[in-house]
Amino acid sequence: MSSAKLESIARRLRLPDAPLSDDLTAAIERLVNDRVDAALEERKRPPHVQRLMDDFNRPKPVTDYRDLPPVQTTPAPKVMEATIERDGAGLARAMVVNGQRFIAQRDGAGQLVRIVSEDLVSEVTYNGLPVPPPNRKA
């Protein structure tokens, strides 16, 4: 039961191997159904249906504290040790922090101005004469 109309439909749908017998109608119907199914799958859902689907797929709220994941804690701070070295007058001369030595620098009035790493400066006496840094064994 092949007709000219069915053959023209087959040509428009570009069937690669269109049978010229009664199977032509079945092939056209199958192709049309496949295209309709593909179009329905691509079609976006209306907003109210999408909202219902989102609510349906939403995870249930946690009602028991044992179901909650553990809270992340911050790591403990590193232990620091600082020692202040004083001279005979009780003034701070140097400071050792975690094994690194810092020298106290003072102005002409004897006021503490800054503390600098021992690698950068040497100790300075109150009369302005520099004292060489101590010889360390590496």
Side-chain angles (χ1 to χ4, degrees):
M1 185 174 141
S2 100
S3 67
K5 189 169 188 173
L6 287 177
E7 288 174 10
S8 67
I9 291 175
R11 268 186 262 126
R12 267 191 273 145
L13 292 176
R14 295 185 186 159
L15 288 175
D17 49 342
L20 298 175
S21 63
D22 290 335
D23 293 336
L24 180 63
T25 56
I28 293 173
E29 287 179 14
R30 194 175 335 113
L31 184 62
V32 169
N33 288 337
D34 290 345
R35 287 196 179 176
V36 167
D37 291 342
L40 287 176
E41 287 179 11
E42 290 177 6
R43 194 180 102 207
K44 292 177 88 174
R45 295 183 180 131
H48 66 281
V49 174
Q50 185 64 41
R51 195 173 326 114
L52 288 174
M53 294 302 292
D54 290 344
D55 288 344
F56 181 72
N57 294 328
R58 181 175 292 145
K60 294 182 179 159
V62 177
T63 57
D64 189 7
Y65 74 94
R66 288 172 282 201
D67 295 338
L68 292 172
V71 177
Q72 292 183 355
T73 58
T74 56
K78 290 173 47 179
V79 177
M80 289 187 68
E81 179 182 339
T83 306
I84 298 175
E85 299 173 2
R86 297 182 181 274
D87 62 3
L91 296 174
R93 300 284 285 159
M95 187 167 88
V96 180
V97 179
N98 287 341
Q100 185 175 4
R101 191 162 190 257
F102 296 93
I103 307 294
Q105 290 187 339
R106 298 181 180 275
D107 61 4
Q111 297 293 319
L112 184 64
V113 177
R114 63 182 182 163
I115 298 177
V116 184
S117 174
E118 182 182 41
D119 301 336
L120 301 175
V121 296
S122 63
E123 285 189 59
V124 178
T125 60
Y126 290 117
N127 59 7
L129 298 173
V131 177
N135 293 332
R136 287 193 188 180
K137 295 180 181 175

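For Val79, the side chain to side chain contact (heavy atoms under 4.5 Å, CB included) criterion is met by no residue, not counting sequence neighbours. Residues satisfying the side chain to side chain contact (heavy atoms under 4.5 Å, CB included) criterion with Leu52, sequence neighbours excluded, are absent altogether. Considering only residues two or more places apart in sequence or on other chains, Asp55 meets the side-chain hydrogen bond (donor to acceptor under 3.5 Å, both in side chains) condition with Arg58. Residues meeting the side-chain hydrogen bond (donor to acceptor under 3.5 Å, both in side chains) test with Asp64, sequence neighbours left out: Arg66. Residues passing the side-chain hydrogen bond (donor to acceptor under 3.5 Å, both in side chains) test with Arg30: none are found, sequence neighbours excluded. For Asp107, there are no salt bridge (Lys or Arg N to Asp or Glu O under 4.0 Å) partners, not counting sequence neighbours. Applying the side-chain hydrogen bond (donor to acceptor under 3.5 Å, both in side chains) rule to Asn33 yields no partners; only residues at least two apart in sequence or on another chain are considered.
With rounding to the nearest 0.5 angstrom, the OG1 atom of Thr25 is 7.0 Å from the CD1 atom of Ile28. Here the CG-OG1 distance, from Leu68 to Thr63, works out to 9.5 Å after rounding to the nearest 0.5 Å. Taking CZ from Arg86 and CE from Met95, the interatomic distance works out to 11.5 Å, rounded to the nearest 0.5 Å.
Evaluated for a side chain to side chain contact (heavy atoms under 4.5 Å, CB included) with Ile103, the options Arg114, Glu118, Arg93 yield exactly one hit, Glu118.
Contact check for Val116 versus Phe102: no side-chain heavy atoms found under the 4.5 Å cut-off.
Smallest separation of non-hydrogen atoms from Arg106 and Leu112: NH1-N, 3.5 Å. Scanning all heavy atoms of the two residues, the minimum distance from Ala92 to Ala104 falls at O-CB, 3.6 Å.
Residue pairs meeting the side-chain hydrogen bond (donor to acceptor under 3.5 Å, both in side chains) criterion with at least one partner in residues 67-83, sequence neighbours excluded, are absent.
The hydrophobic clustering, which links ILVMFWY residues whose side-chain heavy atoms are closer than 4.5 Å, places Ile115 and Val96 apart. Both Ile84 and Met80 are part of a single hydrophobic cluster, where members link through side-chain heavy atoms under 4.5 Å apart.
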*Could you go through the side chain to side chain contact (heavy atoms under 4.5 Å, CB included) check for Glu85 and Arg101 one step at a time?*
CA-CA 10 Å; Glu85 299 173 2; Arg101 191 162 190 257; 2.7 Å; yes
